[in-house]
Enquirer: 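Quick one: this structure, given as structure tokens, is what I'll be asking you about.
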Amino acid sequence: MNSYAPYFLMAGIFILIICTIFFARKQHVVLKKIGFICWISLVFYFLIEYMVIQASTVPYSFFQQPMSDLGVTMCGKNTYILASYEICSPYHLLMNWTFMITGLVILIGSVGLHQFWPHKQQTKIATALLIIFGISYSISGIVPADLHFLWHTLSSFPGMIVQIPALLIIGTSIRKARPKLALWTFFCLSVTTISLLLILLLPLFPDLPGGLLQRILYGFVYLWMTVTAVVLWRKEHINVKDTPSKYTSRKI
């Protein structure tokens, strides 16, 4: 019988951190630094996923199987509704913690780096969508597919879509002030949009590499966040270095 204790712990930590971020949302300087670290740390996600895949005791298809299979807590066939094939992921707990923490760093980074976007209602919407993206991703780890398939699926679904309008809004809002970063944003937006459209065609074309498409869908958002954090950090570092005196203020 599966132990639910680690997942209750994940949920508790998740709620605690969400509350902490809410109460600390006005601490712009601190959140900015934490935001840089959070988004840059996303580069480690696929390293951990690789470790979990290597630990699988049955064949795992990187190209065909969804990422959620790595978090399935039981071994065997039919572990959840759509898994007629065999799954056995000994490091499932590590994977589910990684899902939960990945969602949190996406969320924290989105709040911390929001101050770099133009102060418009649209960018607030974009940040809210990225927060939903992070929450959705975290819940997919807190509720593995085999423990409750319906809640796992419903909670994961928004995370497949909301990043697309978020990137579109951010790219449009910065295209004049940061044209290169806007171009990078539109490129990542195009890749993640195409991957989502292909995923939606899987029922008609089951031979499409669903696992790879899912990784592209999420992976290019991670890549966008990592590169964007580095670009904003370098810009911030240069501006601080070039500030002529400590009395000179810069409005973000």
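In what follows, residues are counted from 1 in the order of the sequence shown.
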Enquirer: So K124 and W117, do their side chains get closer than 4.5 Å, heavy atoms only?
Expert: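 Side-chain contact under 4.5 Å: no.
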Enquirer: If we ignore hydrogens and angles and just use 3.5 Å, is the side chain of S138 paired with the main-chain N or O of L104 as donor and acceptor?
Expert: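 Here the side-chain-to-backbone pair exists.
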Enquirer: Determine the interplanar angle of the F99 and Y137 rings, folded into 0 to 90°, and report it as parallel if under 30°, tilted if 30 to 60°, perpendicular if over 60°.
Expert: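 Perpendicular.
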Enquirer: Working to the nearest 0.5 Å, report the span between NZ of K33 and CD of E236.
Expert: 9.5 Å
Enquirer: With no hydrogens and no angle check, do the side chains of W224 and T185 hold a donor and an acceptor under 3.5 Å apart?
Expert: yes
Enquirer: Do Y50 and F44 have ring centres separated by under 6.0 Å?
Expert: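 Between Y50 and F44, the centre distance exceeds or equals 6.0 Å.
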Enquirer: Is the shortest heavy-atom distance from the side chain of P144 to the side chain of V72 under 4.5 Å?
Expert: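 Heavy-atom side-chain distance check fails, nothing below 4.5 Å.
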Enquirer: CE/M95 to CE/M100 distance, rounded to the nearest 0.5 angstrom?
Expert: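 CE of M100 is found 12.5 Å from CE of M95.
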Enquirer: Is F62 reachable from L223 through a run of I, L, V, M, F, W or Y residues, each pair having side-chain heavy atoms under 4.5 Å apart?
Expert: yes
Enquirer: Answer yes or no: is there a donor N or O on one side and an acceptor on the other, between the side chain of E49 and the main chain of Y45, under 3.5 Å?
Expert: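 No; zero donor-acceptor contacts below 3.5 Å.
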Enquirer: Side-chain contact, heavy-atom cut-off 4.5 Å: F116 with R178?
Expert: yes
Enquirer: Determine whether a donor-acceptor pair (N or O, by modelled atom type, separation under 3.5 Å) exists between the side chain of T192 and the backbone of L189.
Expert: no
Enquirer: Keeping S155 on the side-chain end and S136 on the backbone end, is there a donor-acceptor pair under 3.5 Å?
Expert: no
Enquirer: Starting at OG1 of T123, measure out to CD of Q115 and round the result to the nearest 0.5 Å.
Expert: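 If we round to the nearest 0.5 Å, T123:OG1 and Q115:CD are 12.0 Å apart.
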Enquirer: Check the hydrophobic clustering (I, L, V, M, F, W, Y; side-chain heavy atoms under 4.5 Å; chains of links allowed) and say if I161 and I125 are grouped together.
Expert: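 Yes, it is one cluster - the side chains of I161 and I125 are joined through contacts under 4.5 Å.
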Enquirer: Answer yes if I142 and Y80 sit in the same cluster of Ile, Leu, Val, Met, Phe, Trp and Tyr residues linked by side chain heavy atoms under 4.5 Å apart, and no otherwise.
Expert: no
Enquirer: If you look at every heavy atom in S56 and P90, which pair is closest and at what distance?
Expert: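 Heavy atoms of S56 and P90 come nearest at CA-CD, 3.9 Å.
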Enquirer: Between H152 and V143 (side chain of the first, backbone of the second, donor and acceptor by atom type, cut-off under 3.5 Å), is there such a pair?
Expert: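 Pair found, side chain donor or acceptor close to backbone of V143.
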Enquirer: Is it true that a side-chain atom of D146 and a backbone atom of T73 form a donor plus acceptor pair closer than 3.5 Å?
Expert: yes
Enquirer: Would L113 and I106 show up in the same hydrophobic cluster when neighbours are defined by side-chain heavy atoms closer than 4.5 Å?
Expert: yes
Enquirer: How long is the gap from CD1 on I216 to CG on L196, to the nearest 0.5 Å?
Expert: 12.5 Å
Enquirer: For the pair H114 (side chain) and V111 (backbone), establish whether a donor and an acceptor sit closer than 3.5 Å, ignoring hydrogens and angles.
Expert: no
Enquirer: Tell me whether the rings of F46 and Y222 are parallel (<30°), tilted (30 to 60°) or perpendicular (>60°).
Expert: tilted
Enquirer: Surrounding CH2 of W184 (heavy atoms of other residues, nucleotides or ligands, distance under 6.0 Å), is the total greater than 12?
Expert: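 Above 12, so yes.
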Enquirer: Could you give me the CA-CA distance, side-chain angles and deciding distance for T79 and F149, then say whether side-chain contact (heavy atoms from CB on, under 4.5 Å) is met?
Expert: CA-CA 10 Å; T79 53; F149 179 74; over 6 Å; no
Enquirer: What's the shortest heavy-atom distance between G171 and F186, and which atoms?
Expert: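 Shortest heavy-atom separation between G171 and F186 comes out as C-CZ, 3.4 Å.
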Enquirer: Grab the two heavy atoms, one from S110 and one from L130, that are nearest each other, plus how far apart they are.
Expert: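 Minimum heavy-atom separation between S110 and L130: OG-CB, 3.3 Å.
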Enquirer: Side chains of Q214 and Y218: any donor to acceptor distance under 3.5 Å?
Expert: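 Judged by distance alone, the side chains do not pair up.
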Enquirer: Hydrophobic clusters join Ile, Leu, Val, Met, Phe, Trp and Tyr when side-chain heavy atoms are under 4.5 Å apart, directly or via other members; which others share one with M51?
Expert: none
Enquirer: Say you draw a straight line from OG of S156 to CE of M67; how long is it, rounded to the nearest 0.5 Å?
Expert: 10.0 Å
Enquirer: Taking side chain as C-beta onward, heavy atoms only, is I108 less than 4.5 Å from C38?
Expert: yes
Enquirer: Roughly how far, to the nearest 0.5 Å, is the CG atom of L107 from the CD1 atom of I132?
Expert: 10.0 Å
Enquirer: Could you check whether any side-chain heavy atom of V230 comes within less than 4.5 Å of a side-chain heavy atom of F36, counting everything from C-beta outward?
Expert: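 No, their side chains stay 4.5 Å or more apart.
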Enquirer: Please give me the minimum heavy-atom distance between Y60 and P66, naming the atom from each residue.
Expert: OH-O, 2.8 Å
Enquirer: Please report the shortest heavy-atom distance between S195 and L217, naming the atom on each side.
Expert: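 Looking at all heavy atoms of both residues, the closest pair is OG-CA, 3.3 Å.
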Enquirer: Please tell me if the side chains of P209 and Q64 come closer than 4.5 Å, counting only heavy atoms from C-beta onward.
Expert: yes
Enquirer: Is there a donor-acceptor pair closer than 3.5 Å between any side-chain N or O of E86 and the backbone N or O of V58?
Expert: no
Enquirer: Would you name the heavy atoms of G71 and N96 that are closest together and state the gap between them?
Expert: O-ND2, 2.9 Å
Enquirer: Any side-chain heavy atom of M225 sitting closer than 4.5 Å to one from V105?
Expert: no
Enquirer: Looking at side-chain heavy atoms only, is the closest gap between V221 and C188 below 4.5 Å?
Expert: no
Enquirer: Which donor-acceptor pairs under 3.5 Å do side chains of residues 9-22 form with protein atoms, sequence neighbours excluded?
Expert:
from, atom 1, to, atom 2, distance (Å)
T20, OG1, L16, O, 2.8

Enquirer: If two hydrophobic side chains count as joined below 4.5 Å and joins carry through other members, does L212 share a cluster with L47?
Expert: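 Shared cluster, no.
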Enquirer: Do we see a donor-acceptor contact under 3.5 Å between the side chains of Y85 and D69?
Expert: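 Result is yes, a qualifying pair exists.
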